[in-house]
There are 4 protein chains.
Amino acid sequence: MTNTVDAYAVSADELRAFIERAEQIGAEKRDLSEIEKELMAEAKGRGYETKVLRKIIALRKRKPDDVTIGTAVMEMYKAALGMA
Amino acid sequence: MTNTVDAYAVSADELRAFIERAEQIGAEKRDLSEIEKELMAEAKGRGYETKVLRKIIALRKRKPDDVTIGTAVMEMYKAALGMA
Amino acid sequence: MTNTVDAYAVSADELRAFIERAEQIGAEKRDLSEIEKELMAEAKGRGYETKVLRKIIALRKRKPDDVTIGTAVMEMYKAALGMA
Amino acid sequence: MTNTVDAYAVSADELRAFIERAEQIGAEKRDLSEIEKELMAEAKGRGYETKVLRKIIALRKRKPDDVTIGTAVMEMYKAALGMA
DNA sequence: CACGGCAAAAGCATTC
DNA sequence: GAATGCTTTTGCCGTG
């Protein structure tokens, strides 16, 4: 027979499982961040400017349309402000 | 003989390699985020409050930090301030 | 009569006003950071370890948070996980 | 006569004063952030794209030289990658 | 479905 | 120049 204690125990196991899986995913993300950091350090050692590298990557990630639209609005605002 | 064009070409290959490796890492991170999202959706379907789940996870991550900061000077300052 | 030029001019004024107000706020923030820096320098001159000071401040900022998250569901989950 | 208790008491007061001043500065910074948030919300309500607004502000904050140098390297990398 | 709030991540500055 | 913490940005989720 299933009583409240059993149900609670099952719930605790399930809860713990969810949390541990989430924490595992978090750990893997942190590993990837570490690898990325090392990669950038290597690039820097090879003479590249990591700041610009990151900008390039961000640029490629965005949809081409977003960039176009974004710059169009940007130009409009700059023009309104008398910026070159 | 190595001329500027060759050097430039090599540089381009190397540059491209760095960027593609970084983008690959980014893709893996996004995959993990997707898996995490699905995990949370599953937890929600099982009746858990994902908001609280996330807080629990954050709490467990912070707990070890509090242990780390137990220096002598810290304890002295805390005592002077009447902190537990 | 309102033509596009006038509308544009008005828009430019408004845009400029928003930006200048934002920049003013940014300047005030930087002033505060500067004051904080000086304060820490003074504390250091008085013999305090600023690193520990900052940790104390961070600790006091987190303490109220722990109280905030004391929901019933949270407590239930923590109990199920054997957390204090 | 100054004994350790008095010296300690004075130190505690001084320590507390430093920390409270720092916390006060932190509170003021948070207030400014709140005001900035409201300002941006107002701008959005007036039809401006806050994302672009922030970029404009960042642009004006940087020294003109920085922008030029940054874009030069950026163009070099983009060229090497065959980006438009 | 747009909006605002919230938590995670990235980027940045500052420290030693 | 490595590392820490802070600020800013980004994505996510619930809500009107």
Side-chain angles (χ1 to χ4, degrees), chain A residues 22-23 25-34 36-41 44-45 49-59 61-63 66 70, chain B residues 22 25-26 28-41 43-44 48-59 61-62 65 68-69, chain C residues 22 25-26 28-30 32-34 36-41 43-44 49-59 61-62 65 68-69, chain D residues 22-23 25-30 32-34 36-38 40-45 47 49-55 57-59 61-62 66 70:
Chain A
E23 285 175 342
I25 291 168
E28 288 174 32
K29 274 201 211 171
R30 257 172 275 121
D31 287 347
L32 284 174
S33 292
E34 181 62 22
E36 187 189 17
K37 212 176 97 181
E38 289 166 13
L39 178 65
M40 283 302 169
K44 188 174 192 173
E49 293 192 20
T50 58
K51 188 183 168 120
V52 179
L53 250 50
R54 290 182 189 279
K55 280 199 185 298
I56 293 275
I57 292 162
L59 210 62
K61 187 162 60 177
R62 273 185 288 181
K63 296 278 182 296
D66 293 349
Chain B
I25 291 167
E28 289 174 30
K29 274 201 212 171
R30 257 172 275 120
D31 287 347
L32 284 174
S33 292
E34 180 61 23
I35 291 170
E36 188 188 17
K37 212 173 98 184
E38 290 166 12
L39 177 65
M40 284 300 168
K44 186 173 192 174
Y48 295 98
E49 294 190 23
T50 57
K51 186 187 171 84
V52 179
L53 250 51
R54 290 182 187 279
K55 279 200 181 294
I56 292 275
I57 292 162
L59 208 63
K61 189 160 55 177
R62 273 209 299 268
D65 295 348
T68 306
I69 56 182
Chain C
I25 292 167
E28 289 174 30
K29 274 200 210 172
R30 255 171 277 119
L32 284 174
S33 293
E34 181 61 24
E36 188 187 17
K37 216 173 92 183
E38 290 166 12
L39 178 66
M40 283 302 168
K44 188 174 192 173
E49 293 191 22
T50 57
K51 186 186 170 86
V52 179
L53 251 51
R54 290 182 188 279
K55 278 200 181 296
I56 292 275
I57 292 162
L59 207 63
K61 189 160 54 177
R62 274 210 298 270
D65 295 350
T68 306
I69 55 182
Chain D
E23 285 175 341
I25 291 167
E28 288 173 32
K29 274 200 213 171
R30 259 173 273 119
L32 284 174
S33 292
E34 180 62 22
E36 187 189 17
K37 213 175 94 182
E38 290 166 14
M40 283 301 168
E42 186 190 347
K44 186 173 193 172
E49 293 193 21
T50 58
K51 189 184 169 104
V52 178
L53 250 51
R54 290 182 188 279
K55 279 199 185 299
I57 292 161
L59 211 62
K61 188 162 59 178
R62 274 185 288 181
D66 293 349

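In what follows, every chain begins at residue 1, and chains take the letters A, B, ... in the order their sequences are listed. Below, all heavy atoms of this structure are taken into account, side chains as well, without hydrogens, waters or symmetry copies.
To the nearest 0.5 Å, atom CG of residue A:Asp31 and atom CD1 of residue B:Ile25 are 11.5 Å apart. In this structure, CD1 in B:Ile35 is found 9.5 Å from CG in B:Leu39, a value given to the nearest 0.5 Å. Taken to the nearest 0.5 Å, the CD atom of D:Glu23 stands 10.0 Å off from the CD1 atom of C:Ile56. In this structure, the separation between CD1 on D:Ile57 and CZ on D:Arg62 is 13.0 Å, given to the nearest 0.5 Å.
Shown here for C:Leu53 and C:Ala43, the closest heavy-atom pair between the two residues is CD2-CB, 3.7 Å.
Contact of the B:Arg30 side chain with the A:Lys61 side chain is registered, since non-hydrogen atoms from C-beta on lie closer than 4.5 Å.
Taking atom CD on A:Glu49 and atom C1' on E:dG11, their separation rounds to 16 Å, with Å as the unit. Following rounding to the nearest Å, C:Glu38 (CD) and E:dT14 (C1') show an atom-to-atom distance of 15 Å.
In this structure D:Glu49 satisfies the side-chain hydrogen bond (donor to acceptor under 3.5 Å, both in side chains) test with no other residue, sequence neighbours excluded.
Of the residues C:Glu28, C:Glu36, C:Glu34, the one that meets the salt bridge (Lys or Arg N to Asp or Glu O under 4.0 Å) test with D:Lys29 is C:Glu36.
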Short N/O separations, protein against nucleotides 3-8 of chain E, under 3.5 angstrom:
unit_1	atom_1	unit_2	atom_2	d
E:dA7	OP1	B:Lys55	NZ	3.0

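Bounding nucleotides for the chain B contact on DNA chain F, 5' to 3', at a heavy-atom distance below 4.0 Å, are F:dC13 to F:dG14.
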